[in-house]
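Have a look at the structure below, then the notes.
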Amino acid sequence: MQAESLAAWVEMTQLARFVGESMWVIATLSAIHLLGFTLVMGGALLLNLRFAGVLLSRSPPGQVARPASRGIAIGLVISIVTGILLASWKATEVISGGIFQIKMLLLMAAALLHFTWQRAQVRNAATAVSRLRLSGVLGLALWLGLALAGCAFILFE
């Protein structure tokens, strides 16, 4: 099934129509989406600033990574669920937007970096400081790029 036909089907669901017909539902979902994103960004900033050596440099990376990763994971679940609901009533329009596509690409890249390479570095006590710093800088760039794409999506699409 193509993305456009799936999006058209989603728009016709009762749930999507319910969301689209109520500004209160959209406002509530938007507020919850923002709370989820705040958890994601809080965890991501804390962890990547630690990896980059800017913050909490005396704390072992694993000690910072555990709670930060928990915040990222919980925030991602909240943001993804509310994001799907928010987009559901106008899914064909949303998925065809270039800013949305960039936002999703950055989200996938940042989450992939976090849950693969950065997680492996935390498990490996012998990770070189330069690799840890590189992953922190790259993580910061991806997560902050995602935040900018989210703002651009709100403003321009």
Side-chain angles (χ1 to χ4, degrees), residues 1-4 6-7 9-10 15-16 19 26-88 90-91 94-157:
M1 183 180 267
Q2 288 185 340
E4 292 82 16
L6 177 61
W9 175 82
V10 167
L15 182 59
V19 170
I26 292 172
T28 302
L29 287 171
S30 295
I32 296 168
H33 189 70
L34 184 58
L35 289 173
F37 187 67
T38 301
L39 277 172
V40 170
M41 289 305 293
L45 284 171
L46 182 66
L47 181 64
N48 286 292
L49 287 172
R50 165 55 190 97
F51 281 5
V54 175
L55 201 66
L56 302 169
S57 57
R58 292 186 181 165
S59 299
Q63 188 177 4
V64 176
R66 277 182 222 89
S69 293
R70 196 173 311 118
I72 291 169
I74 292 168
L76 280 173
V77 169
I78 292 168
S79 293
I80 290 169
V81 169
T82 56
I84 290 169
L85 291 171
L86 283 166
S88 67
K90 56 179 183 174
V94 168
I95 67 162
S96 65
I99 295 172
F100 177 78
Q101 293 171 3
I102 291 169
K103 180 181 168 186
M104 291 300 102
L105 184 63
L106 287 167
L107 173 61
M108 288 187 296
L112 186 63
L113 173 77
H114 174 73
F115 290 109
T116 59
W117 191 36
Q118 289 183 334
R119 183 172 279 179
Q121 288 182 44
V122 169
R123 288 187 185 137
N124 182 3
T127 298
V129 172
S130 61
R131 288 187 76 189
L132 201 58
R133 287 197 172 154
L134 175 62
S135 83
V137 170
L138 184 56
L140 282 170
L142 290 171
W143 288 113
L144 292 175
L146 174 63
L148 290 173
C151 293
F153 178 77
I154 291 168
L155 291 173
F156 302 117
E157 287 199 3

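Put simply, CG on N48 and CH2 on W143 are 8.5 Å apart, with the number rounded to the nearest 0.5 Å. Between the NZ atom in K103 and the CG atom in L146 there is a gap of 7.0 Å [rounded to 0.5 Å]. Between L140 atom CG and L49 atom CG the span is 5.0 Å, to the nearest 0.5 Å. How far OG of S57 is from CZ of F51: 13.5 Å, rounded to the nearest 0.5 Å. We find the CG-CZ distance between L76 and F37 to be 9.5 Å, quoted to the nearest 0.5 Å. To the nearest 0.5 Å, the span separating CD on Q118 from CG on L47 amounts to 5.5 Å.
The two atoms that bring L106 and A149 nearest to each other are CD1-CB, 4.2 Å, heavy atoms only. Closest of all the heavy-atom pairs between V122 and G62 is CG1-CA, 3.5 Å. Between L39 and I78 the shortest heavy-atom distance is CD1-CD1, 4.2 Å. Closest approach of S79 to G36, counting heavy atoms only: OG-C, 3.2 Å. A87 and V94 get closest at one heavy-atom pair: CB-CG1, 4.0 Å. Shown here for I95 and Q101, the closest heavy-atom pair between the two residues is O-NE2, 2.8 Å.
T82 places none of its side-chain heavy atoms less than 4.5 Å from the side chain of L34. Side-chain contact check for V64 versus L46: some heavy-atom pair is nearer than 4.5 Å. At a threshold of 4.5 Å between non-hydrogen side-chain atoms, the residues S135 and Q121 count as touching.
Checked against side-chain contact (heavy atoms from CB on, under 4.5 Å), R119 has the following partners two or more places apart in sequence or in another chain: F115, R123. The side-chain contact (heavy atoms from CB on, under 4.5 Å) check on L85 picks up L15, L29, V81, with sequence neighbours excluded.
L142 pairs in a side chain to side chain contact (heavy atoms under 4.5 Å, CB included) with only one of the listed residues (L113, L112, L105), which is L113.
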